[in-house]
Amino acid sequence: MPELAEVAYYCSRWNPGCGERILEARLNGRIRCFRNTEPTRLAALLEGNRMIDSRTHGKRILFRFDKRLWLSIHLGMTGSLSIRASKANLKKHDHIVLNTSIGWLVYNDPRQFGVIESFEADQLPEFWQNLPPEPISKTFDLRYFRRLARRGSRKPLKSYLLDQTRFPGVGNWMADEILWQSRIRPQRAVDSLDDEETRKLFQSVKRVSRIAMERIAPDYSDPPKTWLFHRRWRTGELCPKTGDLLKREKIGGKTTCWSEYWQR
DNA sequence: ATGCATGTTACATG
DNA sequence: ACATGTAACATGCA
């Protein structure tokens, strides 16, 4: 599920744990999520450590602990963060469970496509030191956007928008929303856009990211009712603008939804 | 039962 | 080497 704003939402769900000491850490080390980190060692490092800070960038989350420890989480397809009141509430796929005085911080992930990594250092882990601008940031302006587009790519815009080095945080539904709002078909290539289309695409990237953050990040509210978002999940739904049947097809391996007459 | 899922990447192909 | 496409990962749901 998690794209830009959902990731920010889940990150914030652990906020009450900020400043808390980890009394006990239970990590399910047999799952795929621990691809690059040794879970036994991480559990030992977490215990007695205090969470002091959290941040997100695109789809990544980073928690800082006070004794040379960083915990990095990518939620994959089905990862989520929450706090459970007691261990009686623990569920089957709760793979990380951190006991604190305010409750159990939980990472849950049924499909285990998420990635958990830890870093033992005083300074920021390398990935976080030189980040590309997020679409919501001020430095992500039209000039920057044009520069991204100039590195010509002939792959469909749908796939282009999912490139996390260019559009950190943009996922499948956001890409469809951005293209629908800019009235451009997902099959088009960056190369084929004229100046006006480039500007419209830029504006939609900014707008969809900003409004998603405003609506979803604080409490997981739905995006505006007028958005494609509410119509793109199953076949048979109609375009909110034209009333025509929406198209659904795989592009670049991802299910894509668009409105044939609305988008050119 | 079958097909599909909001993410990423290793591998295949041209 | 480069650019793009596909299969695979593990589980749950319609």
* Structure fact -> Taken to the nearest whole Å, OH/Y9(A) to C1'/dT6(B) is 16 Å
* Asked: NA contact type, K59(A), heavy-atom cut-off 4.0 Å: base, sugar-phosphate, or nothing?
  -> sugar-phosphate
* Any chance the side chains of E24(A) and W104(A) put a donor and an acceptor closer than 3.5 Å? -> no
* Quick one: what's the B/S/- string for nucleotides 7-14 of chain C, heavy-atom cutoff under 4.0 Å, read 5' to 3'? -> --BBBS--
* **Nearest-Å distance for atom pair CZ/P, residues R234(A) and dT6(B)** => 16 Å
* Asked: Counting only side-chain N and O atoms of K250(A), is one of them less than 4.0 Å from OP1 or OP2 of dC4(B)?
  -> no
* Under the side chain to side chain donor-acceptor pair (under 3.5 Å) test, residues paired with D219(A) that sit two or more places apart -> S221(A)
* To do: Could you note down all residue pairs passing side-chain hydrogen bond (donor to acceptor under 3.5 Å, both in side chains) where residues 59-69 of chain A supplies at least one of them, sequence neighbours left out?
  => none
* Supply the members, apart from F119(A), of the Ile/Leu/Val/Met/Phe/Trp/Tyr cluster built from side-chain contacts under 4.5 Å; use none for a lone residue. => L62(A), W70(A), L124(A), F127(A), W128(A), L131(A)
* salt bridge (Lys or Arg N to Asp or Glu O under 4.0 Å) contacts touching residues 197-214 of chain A (sequence neighbours left out) -> R188(A)-E197(A), D195(A)-R199(A), R210(A)-E214(A)
Restricting to nitrogen or oxygen on both sides, can you table the protein-nucleotides 10-14 of chain B pairs closer than 3.5 Å?
none

* **All pairs passing salt bridge (Lys or Arg N to Asp or Glu O under 4.0 Å) where residues 221-232 of chain A contributes a residue, at least two apart** => D176(A)-R232(A), R231(A)-E237(A)
* Which nucleotide in the list dT8(B), dG5(C), dG7(B) gets nearest to the side chain of Q164(A)? -> dT8(B)
Below 3.5 Å, can you tabulate the donor-acceptor pairs from side chains in residues 85-93 of chain A to any protein atom, sequence neighbours excluded?
residue : atom : partner : partner atom : Å
S86(A)  : OG   : A88(A)  : N            : 3.2

* To do: Take the protein atom CG of L162(A) and the nucleotide atom C1' of dG7(B), then report the distance between them rounded to whole Å.
  => 9 Å
* Whole-Å distance between dG7(B) P and R60(A) CZ? -> 14 Å
* Tell me, which pairs form a salt bridge (Lys or Arg N to Asp or Glu O under 4.0 Å) where one or both residues lie in residues 252-264 of chain A, sequence neighbours left out? -> R185(A)-E260(A)
* Ignoring hydrogens and angles, answer whether the base of dG7(B) and the side-chain atoms of K254(A) contain a donor-acceptor pair closer than 3.5 Å. => yes
* CH2 of W173(A) versus P of dT6(B): gap in Å, rounded? -> 13 Å
* Write down the distance between CZ (R35(A)) and P (dT8(B)), rounded to a whole number of angstrom. => 11 Å
* C1'-based separation of dT4(C) from dT6(B) [nearest Å] -> 22 Å
* To do: Looking at every strand, decide which applies to G253(A) at a 4.0 Å heavy-atom threshold: base, sugar-phosphate, or nothing.
  => nothing
* Which pairs count as salt bridge (Lys or Arg N to Asp or Glu O under 4.0 Å) when at least one residue sits in residues 31-44 of chain A, sequence neighbours excluded? -> R41(A)-E120(A)
* Asked: Around Q129(A), counting heavy atoms of other residues, nucleotides and ligands shown, do more than 12 lie under 6.0 Å from its CD?
  -> yes
* To do: Send over the distance from I178(A) CD1 to dT6(B) C1', rounded to a whole Å.
  => 13 Å
* To do: Could you give the distance separating dC11(B) and dA10(C) at their P atoms, to the nearest angstrom?
  => 16 Å
* Secondary structure string for DNA chain B (Watson-Crick or G-U under 3.5 angstrom, | for other-strand pairs) -> .||||.||||||||
* Asked: Rounding to a whole Å, what distance do you find between Y220(A):OH and dT6(B):C1'?
  -> 8 Å
* To do: Answer yes or no: does atom NZ of K241(A) have more than 12 heavy-atom neighbours from other residues, nucleotides or ligands under 6.0 Å?
  => no
* Asked: How would you list, by chain and number, every residue that makes a side chain to side chain donor-acceptor pair (under 3.5 Å) with T256(A), sequence neighbours excluded?
  -> K158(A)
